[in-house]
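Step one of this worksheet: look at the structure below.
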Amino acid sequence: MPTDLSKTIHRSRPSAGPYFLGGTTALILSALLVAPLVLAIGEGFIDNGQFSLAWLDRVVHNQVLMRQLLNGVLLAAVSTAGCFLIALPLAVLRGSRRFFGSGLLSALVLVPMILPPFVGALSMRRLMGQFGSINLLLANLGVLGDGDPRAWPDWLGGGFAAVAILQALHLFPILYL
């Protein structure tokens with residue numbers, strides 16, 4: 001018995017809704033995120049109404065700015081290396097072995113991503129600072145002695161090393177993923 005295929009096969013046309021939503025989202029993101037960035041960066045290349053690289057000359061010949069630029073590049077490199085040293089063993093362990101608590105490990109590794117950076121910095125200061133929990137524990141155990149608490153060690157060390165460690169601890173989940 002012949003059947004009419006045009007009645008049995010119903011082809012629906014794709015809805016325009018998802019395309020409209022995607023286009024609207026892209027338009028809003030470009031208007032609110034991309035356009036201000038382009039305008040701000042573009043202003044850096046304008047001097048007296050004309051395109052100029054005068055700012056580059058000022059940076060290259062200013063010792064303070066060059067030191068800050070090199071410090072930023074060095075901090076980025078050290079923080080990235082620290083992230084790599086933390087994330088790689090965790091990712092290899094999680095990817096190659098199945099063990100009790102591996103799901104919990106994966107969840108705990110991602111915790112720094114949901115915390116604001118200053119929360120991690122304050123927490124590390126309270127834990128490893130000169131008057132932090134580690135020193136108080138060591139003092140109670142008699143390791144630091146009965147000396148002046150101002151002579152206790154600051155485990156973070158302050159300065160460049162502390163910032164690099166804190167950045168690595170905050171950003172390693174990105175590399176882990």
Side-chain angles (χ1 to χ4, degrees), residues 11-96 101-129 132 154-177:
R11 292 187 181 178
S12 64
R13 296 180 64 190
S15 172
Y19 297 111
F20 177 74
L21 182 63
T24 304
T25 303
L27 185 65
I28 290 172
L29 284 177
S30 64
L32 297 178
L33 295 175
V34 176
L37 284 174
V38 169
L39 291 172
I41 292 171
E43 285 295 319
F45 292 98
I46 304 298
D47 192 23
N48 294 329
Q50 294 190 14
F51 177 79
S52 172
L53 293 177
W55 61 270
L56 183 61
D57 183 54
R58 286 185 220 135
V59 169
V60 171
H61 291 97
N62 187 329
Q63 293 296 323
V64 174
L65 293 178
M66 281 303 293
R67 201 168 33 249
Q68 289 174 352
L69 180 64
L70 293 175
N71 190 35
V73 170
L74 183 62
L75 181 61
V78 170
S79 296
T80 303
C83 288
F84 185 76
L85 290 174
I86 297 169
L88 184 66
L90 289 172
V92 167
L93 177 68
R94 177 67 173 100
S96 64
S102 62
L104 180 63
L105 173 67
S106 292
L108 290 176
V109 164
L110 300 178
V111 167
M113 290 183 73
I114 61 172
L115 291 175
F118 69 88
V119 171
L122 291 176
S123 300
M124 293 304 287
R125 186 75 181 151
R126 296 277 183 171
L127 181 67
M128 301 179 77
D154 185 358
W155 299 101
L156 289 175
F160 184 87
V163 173
I165 290 168
L166 290 174
Q167 280 190 346
L169 288 174
H170 180 70
L171 297 173
F172 83 90
I174 298 170
L175 190 58
Y176 170 81
L177 289 175

Taking everything shown except Phe84 itself, do over 12 heavy atoms lie less than 6.0 Å from its CZ?
->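 No - once you tally the heavy atoms of other residues, nucleotides and ligands closer than 6.0 Å, there are 12 at most.
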Within this structure, what is the [atom1]-[atom2] distance for the pair [X] and [Y], rounded to the nearest 0.5 Å?
X: Leu171; Y: Leu166; atom1: CG; atom2: CG; value: 10.5 Å
X: Leu175; Y: Leu88; atom1: CG; atom2: CG; value: 8.0 Å
X: Phe172; Y: Leu90; atom1: CZ; atom2: CG; value: 6.0 Å

Scan the side chains in residues 21-40 for donor-acceptor partners under 3.5 Å anywhere in the protein, sequence neighbours excluded, and list what turns up.
unit_1, atom_1, unit_2, atom_2, d
Thr24, OG1, Phe20, O, 2.7
Thr25, OG1, Leu21, O, 2.8
Ser30, OG, Ala26, O, 3.1
Ser30, OG, Leu27, O, 2.9

For a quick test of your reading: what N or O donor-acceptor pairs under 3.5 Å do the side chains of residues 59-71 make, sequence neighbours left out?
unit_1, atom_1, unit_2, atom_2, d
His61, ND1, Asp57, O, 2.9
His61, ND1, Asp57, OD1, 2.8
Asn62, OD1, Val64, N, 3.0

Can you say whether the rings of Phe51 and Phe45 are parallel (under 30°), tilted (30 to 60°) or perpendicular (over 60°)?
->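 Rings of Phe51 and Phe45: parallel, under 30°.
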Smallest separation among heavy atoms of Gly82 and Ala168, with atom names =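 What the structure gives for the nearest pair is C-CB, 3.9 Å.
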Which pairs would a plain distance check flag for residues 104-126, meaning a side-chain donor or acceptor within less than 3.5 Å of a matching protein atom at least two apart in sequence or in another chain?
unit_1, atom_1, unit_2, atom_2, d
Ser106, OG, Arg94, NE, 2.4
Ser106, OG, Ser102, O, 3.2
Ser106, OG, Tyr176, OH, 3.4
Ser123, OG, Val119, O, 2.7
Arg125, NH1, Asp154, OD1, 3.4
Arg125, NH1, Asp154, OD2, 3.1

